[in-house]
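Below is one structure; the comments refer to it alone.
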Amino acid sequence: MAFAETFKALSDPVRRRILELLKDGKLSAGEIAGHFDMTQATVSYHLKILKKADLVRETREKNFIFYELNLTVVEEIMVWLSDLKGDASQ
């Protein structure tokens, strides 16, 4: 996993909010955009960065593209952070 890409993606509050929206299930780009006061193109830009960091994956269903969290990457980050913290009982 490329931590640099992941942490770059997580550094922006809009992208963190998108991830929070997706924790409840998959959403289309239009549904995501409805939560923000920005253009569809700007939301697409943020989704592109999240996909590049592998935090989000997309699936096509008929004429729609849906986005969902990639929990595998989130779990890898949590394991890495836990290892970094170390064992507090030592």
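In this text, all values refer to a predicted model and were calculated from it rather than measured experimentally.
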Report yes if some heavy atom in the side chain of [X] is under 4.5 Å from a heavy atom in the side chain of [Y]; otherwise report no.
{"X": "Arg16", "Y": "Asp12", "result": "no"}
{"X": "Arg57", "Y": "Leu69", "result": "no"}
{"X": "Ile18", "Y": "Val14", "result": "yes"}

Residue list, side chain to side chain donor-acceptor pair (under 3.5 Å) with [X], at least two apart or on another chain:
{"X": "Thr59", "value": "none"}
{"X": "Glu31", "value": "Ser28"}
{"X": "Asp54", "value": "Asn70"}

Salt bridge (charged side-chain N to carboxylate O under 4.0 Å, His left out) against Arg17, all qualifying residues, sequence neighbours excluded
Glu20
In chain order, what residues pass the salt bridge (charged side-chain N to carboxylate O under 4.0 Å, His left out) check against Glu75, with sequence neighbours excluded?
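Glu75 satisfies salt bridge (charged side-chain N to carboxylate O under 4.0 Å, His left out) with no residue once adjacent residues are dropped.
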Evaluate Glu68 against Val56 for side chain to side chain contact (heavy atoms under 4.5 Å, CB included), listing each step before the verdict.
CA-CA 6 Å; Glu68 61 187 327; Val56 168; over 6 Å; no
Does Tyr45 OH have over 12 foreign heavy atoms under 6.0 Å away?
no
Does CE in Met38 sit with more than 12 non-hydrogen atoms of other residues, nucleotides or ligands closer than 6.0 Å?
yes
Nearest heavy-atom neighbours spanning Leu22 and Tyr67:
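Closest pair (atom of Leu22, atom of Tyr67, distance): CD2-O, 3.2 Å.
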Pair up each side-chain donor or acceptor in residues 46-53 with any protein partner under 3.5 Å, not counting sequence neighbours, and list the distances.
{"from": "His46", "atom 1": "ND1", "to": "Arg15", "atom 2": "NH1", "distance (Å)": "3.1"}
{"from": "Lys51", "atom 1": "NZ", "to": "Glu58", "atom 2": "OE1", "distance (Å)": "2.9"}

For Lys8, does its backbone N or O pair with a side-chain atom of Ser11 as donor and acceptor, under 3.5 Å?
yes
So, taking the atom named NZ in Lys85 and the one named CH2 in Trp80, what distance separates them when rounded to the nearest 0.5 Å?
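Answer rounded to 0.5 Å: 14.0 Å.
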In Å and rounded to the nearest 0.5 Å, what is the OG to CD1 distance from Ser82 to Ile77?
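Nearest 0.5 Å value for the OG-CD1 distance: 13.5 Å.
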With hydrophobic residues grouped by side-chain heavy-atom distances under 4.5 Å, do Val79 and Val73 end up in a single group?
no
Taking the hydrophobic residues Ile, Leu, Val, Met, Phe, Trp and Tyr, and joining any pair whose side-chain heavy atoms are under 4.5 Å apart, which ones share a cluster with Phe64?
Phe66
